[in-house]
Number of protein chains: 2
Amino acid sequence: MSILGKLSFKDQAFKLRENAILDATTMILKDKGFDLMTMDDVASAVGISKPSLYKHFKSKEDLVGEAMIRLIDGAGDFLDQLDKDLKPIEVLSAMLEWALRVRLEGGMPFLPSTSAHVRDMLTRNLKYVGRVLKLNYQLEKLVAKAQKSGDLDASLPSDVILFSYYSRTCDPAVEFLQRYSKLDNEQIIKHMLQVCFAGLHGPRCD
Amino acid sequence: MSILGKLSFKDQAFKLRENAILDATTMILKDKGFDLMTMDDVASAVGISKPSLYKHFKSKEDLVGEAMIRLIDGAGDFLDQLDKDLKPIEVLSAMLEWALRVRLEGGMPFLPSTSAHVRDMLTRNLKYVGRVLKLNYQLEKLVAKAQKSGDLDASLPSDVILFSYYSRTCDPAVEFLQRYSKLDNEQIIKHMLQVCFAGLHGPRCD
DNA sequence: TATAAAAGCTACTAATTAGTAGCAAAATAG
DNA sequence: CTATTTTGCTACTAATTAGTAGCTTTTATA
């Protein structure tokens, strides 16, 4: 069946549960954040005991690190399977759209920037840092190309564009709109993309 | 001296210390966030003991609520003293510029959106909610006028504009740029304003 | 059915921290 | 100089929670 079909039933079950744990972690992280998420929360959401949880992940930091890595890998996979003929700006737009959709469907927790504590923790996680650097490298190249072709503002430093772009993936306006407006998810995505690329002024000549 | 000059020296000193406590709270909130900020942190930053701190504020929630209220009041004061002849879009731009400058100078902690816990806490704080609603009302009117005059995109729902505008005041891109780019504070402000209003595409016709 | 091994759990520990009781020191008044 | 009040502090408590020791149950095997 799988490429490594040698996994016993037991090991398959183990892997399955590991995924269930990461799913629960992602959801809890999303609405409580790192500091308020307890290992008991995670264990009981999955329906196992805390010591069983520790059979899979050796610490809270490790668990959260793996959850974040899985998210980044999801982004990387999405990027890799995009049509190679798309223009850089179209790739950037598609990635942001994907990230917003994942978030609106409850998948993505708030990203590191939020708290110095969490940022430091992730910075110490070499596996995580490696993934971030790789993805960042790919996005940097896309931004540079899009600036050259005039699809992104060439007068802005590329740092500014890249960091602003990242910030849009975790823009709190998304949660506010979901909670307080009557817009549905697809409308929210459409408007957020427009605001990101065309700004609040909207497209115009002057 | 003051309008209520009846304050005794003792009461003046009390008021002064209260301000010092709020300053410390704001700074600590900024870099540790609510959950990791301890009352011992605040007390020792001010150079007093924890029980003395509790003479001023009856709980951690109360303390943080007052710090947030002071921030909002600062924004309200700034808004009120702006030139009445400015166009709505100029007022919005000036307010955002002010907020970014306050943040870059270390003043403003991350806003509520960050964590459900903090948001709930502030929602229960009626004094805080009152201030927010008042400021929000003023900004809503400015957005509506700017949309009518064509300075803000009239095709976007006003919710989307308002929430996106709020999000820019606590955009994590600011901290990233301050930490990892070579831009100085004024350059960061200029670029963030441009990205907010003109977007990542930059101004253009199509 | 008896035995061995694995999986999972209850119930603990050590550390942290919001909030407080009650004492000590200083200032003020008589 | 003594009495009273105010101010501030040390040292506690109760609650929470990451992480673990060691027992119990289940499963697999012979």
Side-chain angles (χ1 to χ4, degrees), chain A residues 7-22 24-29 31-68 109 115-118 120-122 124-125, chain B residues 7-22 24-29 31-68 109 115-118 120-122 124-125:
Chain A
L7 287 177
S8 69
F9 283 121
K10 222 167 49 183
D11 289 342
Q12 283 181 20
F14 193 84
K15 207 73 194 156
L16 267 173
R17 194 165 61 174
E18 199 148 291
N19 254 299
I21 294 171
L22 291 174
T25 302
T26 303
M27 267 183 49
I28 297 170
L29 269 184
D31 56 54
K32 305 184 76 166
F34 179 81
D35 299 321
L36 268 88
M37 179 189 98
T38 73
M39 295 301 266
D40 286 295
D41 287 340
V42 176
S44 77
V46 179
I48 59 175
S49 70
K50 201 160 48 156
S52 299
L53 177 54
Y54 277 89
K55 290 262 157 69
H56 292 265
F57 301 95
K58 71 175 204 297
S59 68
K60 186 178 175 184
E61 300 204 351
D62 181 42
L63 170 59
V64 171
E66 290 298 325
M68 298 303 295
S115 116
H117 181 205
V118 177
D120 289 352
M121 178 190 86
L122 291 172
R124 273 180 272 112
N125 185 328
Chain B
L7 286 176
S8 69
F9 284 122
K10 221 165 53 182
D11 289 342
Q12 284 181 19
F14 193 84
K15 208 72 192 156
L16 267 174
R17 194 165 61 175
E18 200 148 290
N19 254 297
I21 293 171
L22 290 174
T25 302
T26 304
M27 266 184 48
I28 297 170
L29 269 185
D31 57 54
K32 305 184 77 164
F34 179 80
D35 299 321
L36 268 89
M37 179 188 97
T38 74
M39 295 301 265
D40 287 294
D41 287 340
V42 176
S44 76
V46 180
I48 60 177
S49 69
K50 201 161 46 158
S52 298
L53 177 54
Y54 277 88
K55 291 261 155 69
H56 292 265
F57 301 95
K58 71 176 203 299
S59 68
K60 186 178 174 181
E61 300 203 351
D62 181 44
L63 170 59
V64 171
E66 291 298 325
M68 298 303 294
S115 116
H117 182 207
V118 177
D120 291 351
M121 177 190 88
L122 290 171
R124 274 180 272 112
N125 185 328

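Quick caveat, the model's predicted, so the values are computed rather than measured. We name chains A, B, ... by the order of the sequence lines, and we start the count at 1 in each one. Any value given below was found using the heavy atoms of this structure, including those in side chains, with hydrogens, waters and symmetry copies removed.
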Fill in: Distance in angstrom units between His117(A) NE2 and dT17(C) P, rounded
10 Å

Worksheet entry | Atom-to-atom span, CG of Asp40(B) to P of dC9(D) - whole angstrom | 12 Å

Worksheet entry | 5' precedence on DNA chain C between Lys60(B) and Lys55(B) (nearest-nucleotide basis) | Lys60(B)

Worksheet item: Whole-Å distance between dT16(C) P and Met37(B) CE?
Response: 18 Å

Discussion item. Whether Arg17(B) contacts dT7(D) is assessed here as follows: a side-chain N or O lying under 4.0 Å from the phosphate OP1 or OP2. Is that the case?
Written reply: no

Worksheet item: Could you give the distance from CG (Asp62(B)) to CE (Met121(B)), rounded to the nearest 0.5 Å?
Response: 9.5 Å

Worksheet item: For Lys32(A), what residues pass the side chain to side chain donor-acceptor pair (under 3.5 Å) criterion, not counting sequence neighbours?
Response: Asp41(A)

Worksheet entry | Spacing of Met39(A) atom CE relative to dT16(D) atom C1', expressed in whole Å | 15 Å

Worksheet entry | Residue-level proximity of residues 44-54 of chain B to DNA chain C when a heavy atom falls under 4.0 Å | Lys50(B), Pro51(B), Tyr54(B)

Worksheet item: Between dT17(C) atom P and Leu36(B) atom CG, what is the distance in whole Å?
Response: 8 Å

Worksheet item: Can you name the residues that form a side chain to side chain donor-acceptor pair (under 3.5 Å) with Ser59(A), not counting sequence neighbours?
Response: none

Response to the item:
In this structure, CZ of Phe34(B) is separated from CD of Glu61(B) (nearest 0.5 Å) by 5.5 Å

Discussion item. Please report the distance, rounded to the nearest Å, between CD in Glu18(B) and P in dT7(D).
Written reply: 14 Å

Worksheet item: For Met39(B), does the CE atom sit with more than 12 other heavy atoms under 6.0 Å from it, leaving out its own atoms?
Response: yes

Discussion item. Whether the side chain of Thr25(B) engages the backbone of Ile21(B) through a donor-acceptor N/O pair (distance < 3.5 Å, no angle test) should be reported.
Written reply: yes

Fill in: Spacing between His56(A) atom NE2 and dG19(D) atom C1', to the nearest angstrom
16 Å

